[in-house]
Amino acid sequence: MAVRIGHTISLPTTTTTRKTFVSSKTQFQSLPFSSFGLPKRVSFSVRAMGSSASSQRPDNIQEAGKVNYASVSDDEWKKRLSAEQFYITRQKGTERAFTGEYWNTKTPGTYHCICCDTPLFESSTKFDSGTGWPSYYQPIGNNVKSKLDLSIIFMPREEVLCAVCDAHLGHVFDDGPPPTRKRYCINSASLKLISK
């Protein structure tokens, strides 16, 4: 099979583990998605050495193996998540202040998306905002996105979502500490801490 430089191909596979293979000329990555009842696939990205960075996709967002999370049904999410996790991440809920698992946690590690395991925040960017929710001044790369939330008409806010699976995480405000002055106010139930 011929593969053109800069193109992505997908081949069926039965792999169920996350693996990354890197050689001097190519990068191969496989990601599992069998837990969603979706076809298992491996994506191969072939890159030429010395190609310009502007022609390549940035590596600072976790590649989701081209899985369309929008096609995952509510029933499938309910099987994978607890009732609280489903309410917060898939129905845009909010946990009560000072009740979430991570609001006061100081354990070093990385906070991942509870839905798709994308790394979202490093513990080194966590700070005590006094709000009762885990707060961070900076996400990891482009793994978090935001959009205008008009659900409260008199108080527009910026909703924070996982960039890979669109899980609702919380909101971002402009009253955080340096260097970003941002406060990513996140629901504990949308996170999973992988300690160092």
Quick one: salt bridge (charged side-chain N to carboxylate O under 4.0 Å, His left out) pairs with a partner in residues 85-95, sequence neighbours left out?
K92-E159
According to side-chain contact (heavy atoms from CB on, under 4.5 Å), who are the partners of P156, at least two apart in sequence or on a separate chain?
L148, L150
Separation between OG1 of T89 and NE2 of H168, rounded to the nearest 0.5 Å
9.0 Å
Of all residues at least two apart in sequence or in a different chain, which pass the side-chain contact (heavy atoms from CB on, under 4.5 Å) check with S195?
T107
Students should find that the hydrophobic cluster of F121, defined by side-chain heavy atoms under 4.5 Å apart, otherwise consists of Y102, Y111, L120, Y136, V144, V160, L169, V172, Y184, I186, L191, L193
Output the rest of the hydrophobic cluster of F98: all Ile, Leu, Val, Met, Phe, Trp and Tyr residues reachable through side-chain heavy-atom contacts under 4.5 Å, sorted by chain and number.
W103
Taking only residues two or more places apart in sequence or in another chain, which ones pass salt bridge (charged side-chain N to carboxylate O under 4.0 Å, His left out) with K145?
D166
Under the salt bridge (charged side-chain N to carboxylate O under 4.0 Å, His left out) rule, collect the residues that match up with R181, sequence neighbours excluded.
none
Could you give the distance from CZ (R80) to CG (D75), rounded to the nearest 0.5 Å?
15.5 Å
So which residues get pulled into I88's cluster when ILVMFWY side chains under 4.5 Å apart are joined, directly or through others?
Y87
Is it the case that the side chain of T125 and the backbone of Q138 share a donor-acceptor pair, with hydrogens and angles ignored and the cut-off at 3.5 Å?
yes
Say whether V72 and F86 are linked into one hydrophobic cluster, either directly or through other cluster members, by side-chain heavy-atom distances under 4.5 angstrom.
yes
Pairs meeting criterion salt bridge (charged side-chain N to carboxylate O under 4.0 Å, His left out) with involvement of residues 101-116, two or more places apart:
none
If I compare all heavy atoms of K126 with all of T105, which pair ends up nearest, and what's the gap?
NZ-O, 2.9 Å
Start with the C-alpha gap between S129 and C185, add the side-chain angles, then the distance that decides, and say whether side chain to side chain contact (heavy atoms under 4.5 Å, CB included) holds.
CA-CA 9 Å; S129 64; C185 188; 5.8 Å; no
Between the main-chain N or O of S151 and the side-chain N or O of D149, is there a donor-acceptor pair closer than 3.5 Å?
yes
Under a side-chain separation threshold of 4.5 Å, the hydrophobic residues clustered together with F154 are I152, M155
Measure across S123 and P108 and return the closest heavy-atom pair with its distance rounded to 0.1 Å.
OG-CA, 3.3 Å
Which heavy atom of P119 sits nearest a heavy atom of T110, and at what distance?
CB-CG2, 3.9 Å
Side chain of T180, backbone of Y137: donor and acceptor closer than 3.5 Å?
yes
Between CH2 of W133 and CG of N104, what distance do you get to the nearest 0.5 Å?
14.5 Å
Distance from K182 atom NZ to S135 atom OG, nearest 0.5 Å?
14.0 Å
Sequence neighbours left out, what passes side-chain hydrogen bond (donor to acceptor under 3.5 Å, both in side chains) with E158? Give chain and number order.
S146
Name all residues meeting the salt bridge (charged side-chain N to carboxylate O under 4.0 Å, His left out) criterion together with K79; count only those two or more places apart in sequence or in a different chain, and write none if there are none.
none
Approximate separation, where rounding is to 0.5 Å, of D117 CG and C162 SG:
10.0 Å
When rounded to the nearest 0.5 angstrom, what is the spacing between CD in Q85 and OG in S190?
9.0 Å
